Peer 1: 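One structure coming up, written as structure tokens, with questions to follow.
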Amino acid sequence: AKPTKPKNWPGKIGDLQQYRTYTSDQRLFQVNYQSDDFTAHAYHNRVFMQADGGNFFTRSHSPAKGKARFYNTKEENVNYGLDLQKTWRGDKTDWIAGITFQHEFYEASLYKDTDDRYSRDIWAAYLQAEHRLNDRDTIILSGRETKTRNSTADTNHSNFSAAGQWIHQ
């Protein structure tokens, strides 16, 4: 099918609507440790994105004039955290316990005068028990508590979830 131009489009099909340069800078760091009964993960990630350039036409398909001719954004995402998990193995029952922490930060545009910064801390703790009743039956019970704290706009929350499973082979 032959492309058709939208109503009110000032240009021709194939005209450039915008010209921009996109830049992305990622800095990722991660350390992992694992033994037979313990694992640990620490990480720090930073992503910086920028788009600079101009617009030939606006979203309403009219020629861009004044401030609408320029397009500049800068964004930054940062998150870092730590995960720790320990396993205890018994004759009939195995236990797994862990904690997790993550900090998230997002700044929507470094060019704007508005305060478009968002951040929060997420904490979680979990516990699981796996009990072998006999050669054919196993019961697994687990629970996890997750809390969000220090959140922008006071959007903190707390959530507990639990699960149970009976396995018959």
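Treat the numbers as computed from the prediction; the structure is a model and nothing was measured.
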Peer 1: Does anything in residues 77-100 pair up under ring-ring contact (aromatic ring centres under 6.0 Å, His included), and if so which pairs, sequence neighbours excluded?
Peer 2: His44-Tyr80, Tyr80-His103
Peer 1: Can you give me the closest heavy-atom contact between Thr155 and Thr148, atom names plus distance?
Peer 2: O-CG2, 4.5 Å
Peer 1: Does atom CG (Asn32) have a neighbourhood of more than 12 heavy atoms from anything else shown, all under 6.0 Å?
Peer 2: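 Above 12, so yes.
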Peer 1: Starting from Ile167, walk the hydrophobic network (Ile, Leu, Val, Met, Phe, Trp, Tyr; side-chain heavy atoms closer than 4.5 Å) and list everyone else you reach, by chain and number.
Peer 2: Ile140
Peer 1: If you take all heavy atoms of Gly90 and Arg132, which pair is closest and at what distance?
Peer 2: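 Reported closest heavy-atom pair: O-NH2, 3.3 Å.
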Peer 1: Write down the atom of Leu84, the atom of Ala40, and the distance for their closest heavy-atom approach.
Peer 2: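 Here Leu84 and Ala40 meet closest at CD2-CB, 3.6 Å.
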Peer 1: Examine the side chains of Glu145 and Ser158 and answer whether a donor and an acceptor come within less than 3.5 Å of each other.
Peer 2: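 A donor-acceptor contact under 3.5 Å links the two side chains.
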Peer 1: Which heavy atom of Glu104 sits nearest a heavy atom of Arg120, and at what distance?
Peer 2: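 For Glu104 versus Arg120, the nearest heavy atoms are OE1-NE, 2.6 Å.
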Peer 1: Using a cut-off of 6.0 Å, state whether more than 12 heavy atoms not belonging to Arg89 lie near its atom CZ.
Peer 2: no
Peer 1: Is there a side-chain contact between Lys86 and Ile96 in this structure, where contact means two heavy atoms from C-beta onward sitting under 4.5 Å apart?
Peer 2: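 The answer is no, as the side chains (C-beta and beyond) never meet within the 4.5 Å cut-off.
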Peer 1: What about Leu141 and Trp166, same hydrophobic cluster or not, with Ile/Leu/Val/Met/Phe/Trp/Tyr joined at side-chain heavy-atom distances under 4.5 Å?
Peer 2: yes
Peer 1: Hey, mind stepping through Thr138 and Leu133 against side chain to side chain contact (heavy atoms under 4.5 Å, CB included) and telling me if it holds?
Peer 2: CA-CA 6 Å; Thr138 301; Leu133 298 170; over 6 Å; no
Peer 1: Any chance the side chains of Gln85 and Asp83 put a donor and an acceptor closer than 3.5 Å?
Peer 2: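 No.
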Peer 1: Would you say His131 and Lys92 make side-chain contact, with heavy atoms under 4.5 Å?
Peer 2: yes
Peer 1: If you count heavy atoms of other groups shown closer than 6.0 angstrom to CG of Asp25, is the number above 12?
Peer 2: yes
Peer 1: Indicate yes or no: at least one non-hydrogen side-chain atom of Met49 is less than 4.5 angstrom from one of Asn77.
Peer 2: yes
Peer 1: Minimum heavy-atom separation for Tyr126 and Ile99, please, with both atom names.
Peer 2: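 Result for this residue pair: CE2-N, 4.1 Å.
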Peer 1: For Ala42 and Leu82, work out which heavy atoms get closest and say how close.
Peer 2: CB-CD1, 4.0 Å
Peer 1: Taking side chain as C-beta onward, heavy atoms only, is Tyr43 less than 4.5 Å from Asn79?
Peer 2: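 Counting from C-beta outward, Tyr43 and Asn79 do come under 4.5 Å.
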Peer 1: Give the ring-plane orientation class for Tyr118 versus Tyr106, where under 30° counts as parallel, over 60° as perpendicular and anything between as tilted.
Peer 2: parallel
Peer 1: What residues, two or more places apart in sequence or in another chain, satisfy side-chain hydrogen bond (donor to acceptor under 3.5 Å, both in side chains) together with Arg46?
Peer 2: Glu76
